[in-house]
Amino acid sequence: MNILVINAGSSSLKYQLYNMSTETAIAKGRVERIGMDSSILTHEVDHQPEVREVSEILDHTTAIKKVLDMLTHRKFGVLRNIADIQAVGHRVVHGGESFSESVLVDANVKLEIRRLFDLAPLHNPAHMMGITAVEDNLPEVPQAVVFDTAFHQTMPPSSYLYAIPTVLYRKHKIRRYGFHGTSHDYVSQRTAEFLGKPLSQLKLITCHIGNGASCTAILHGKSYDTSMGMTPLEGLMMGTRSGDLDPAVVPHTINKEDLTLNEVSSMLNKHSGLIAISGLSSDMREIVEAMNEGNESAKLAFDMYAYRIRKYIGAYIAAMDGADAIVFTAGVGENSDVLRKTVCERLTFFGVKLDEERNSVRSSEPRTITTDDSAVAVLVVPTNEELLIARDTYRLVKNKTAGQASF
Ligand SMILES: Nc1ncnc2c1ncn2[C@@H]1O[C@H](COP(=O)(O)OP(=O)(O)O)[C@@H](O)[C@H]1O
Ligand SMILES: CC(=O)OP(=O)(O)O
Ligand SMILES: [Mg+2]
């Protein structure tokens, strides 16, 4: 079975085509700048040079059409016909309390994703555009959705409740949900395999440090606490998001700067974090480059970013009364040795001993970056959210087909 995995953003769409008999991605790519004058489609097939196509792609339906054209392209394609795609799996960031596992898309599921728009304004509306775009282009193909929030549904109330009147939780489900669950789930499974120990016996702290960033305390295989909250704004400092701050900053800023609530929300989601402090960029590569050239604001942004991760690691060691391993993953976590070093060099109280040579290795395989006698192991484990999405989609579609066959 071939499964197309889609992670739709507001102006971008990433895709991977999986062949489930071998669990391999046979093609992958992304469409960027959807809705802008020159959109870019980048398509990659193993062992072949990347193909880049610039054109005007005004909406997600056209973006999916272009992706399908590329997948069946005479020269660059990997499929003879789009009918060779048997199912589509989508990443959906917010599933609220309604979804503790992946589901097939139907009218109710779509209604629920829409209902959650205001809890994940940067993500859920874009995912819905992705789902609709697939319906437009592949009307007969079953679709599944895999939620970032699902893995965190095991958190106890002491982790997920805010200390505010409980009527707000009962009436409006105002609580902490947590995100990047598919990644934390995948990485914790890979870590247990790598360490050769059952996940049910491990205390892990997984740090997904990408564009968005979150840390999770995983106690015996289950999410016990995580740094993101009701929305993906809480917790760590991110590329453009503030992370934790005193809620009193919001009304105070509204009063002092004569801003609307929406403007402040946009400030915290899109104009804060690395870009705000550095005044330069939200991209960690550019921050590190500027820092190495002596830029003081870039250095401050970097230090604040690393410090917040270290604070969460400390909190989660206390939350679980120990940790067997701390795991770095995602764009920054997998690639920035200097970020990992800065986070780890002040964890010596917990017996963390970084091995600089191991930390400088670049690889797509899981690896340990601490010395053999480090009391807590620190690992880099590349994430693969798409593979978990493909697996869930495959399972759901196969079960549905089996159910239908028995009638
Ligand atoms: N070599 C690198 N060094 C430091 N940061 C990197 C490197 N490569 C990628 N990144 C960072 O990874 C981030 C993207 O992470 P990723 O997990 O791909 O995010 P997302 O999936 O949310 O788009 C980029 O913003 C960039 O800052
Ligand atoms: C939930 C979230 O922040 O996702 P991303 O890192 O893809 O922005
Ligand atoms: Mg990501």
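This one's a predicted model, so the numbers in the text were calculated from it and none came from an experiment. Ligands are counted one by one from 1 in listed order, and the atoms in each one are counted from 1 as well.
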Tell me whether [X] has any N or O atom under 3.5 angstrom from an N or O of ligand 2.
{"X": "Gly212", "answer": "yes"}
{"X": "Asn211", "answer": "no"}
{"X": "His208", "answer": "no"}
{"X": "Asp148", "answer": "no"}

Charged N-O contact under 4.0 Å between [X] and [Y]:
{"X": "Asp337", "Y": "Lys341", "value": "no"}
{"X": "Asp185", "Y": "Arg190", "value": "no"}
{"X": "Arg115", "Y": "Glu112", "value": "yes"}

Ser265 side chain to Leu261 main-chain N or O, any donor-acceptor pair under 3.5 Å?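 Looks like no, no N/O pair under 3.5 Å.
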Which of the atoms in ligand 1, numbered in the order shown and given with their element, are less than 4.0 Å from a heavy-atom of Lys14?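 Near Lys14, meaning under 4.0 Å from one of its heavy atoms, ligand 1 has 20 (P), 21 (O), 23 (O).
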Judged by non-hydrogen atoms, does Glu334 sit under 4.0 Å from ligand 1?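 The answer is no, since Glu334 has no heavy atom less than 4.0 Å from ligand 1.
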Would you call Val332 a ligand 1 contact, heavy-atom distance under 4.0 Å?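 Contact present.
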Do the numbers put Arg310 on top of the ring of Tyr312, so that NZ or CZ is under 6.0 Å from the six-membered ring centre and no more than 45° off the axis?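 Negative - Arg310 is either too far from the ring of Tyr312 or too far off its axis.
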Is the charged tip of Lys173 near the ring of Tyr169: under 6.0 Å from the six-membered ring centre and within 45° of its axis?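 The answer is yes, since Lys173 meets both limits relative to Tyr169.
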[X] N/O under 3.5 Å from ligand 1 N/O:
{"X": "Asp283", "result": "yes"}
{"X": "Ser282", "result": "no"}
{"X": "Ala330", "result": "no"}

The one among Ser281, Ser336, Gly331, Gly333 that brings a heavy atom closest to atom 10 (N) of ligand 1: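 Considering heavy atoms of Ser281, Ser336, Gly331, Gly333, the nearest to atom 10 (N) of ligand 1 sits in Gly331.
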Kindly assign one of parallel, tilted or perpendicular to the pair Phe147 and Phe99, based on the angle between their ring planes and the thresholds 30° and 60°.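 Ring orientation of Phe147 relative to Phe99: parallel.
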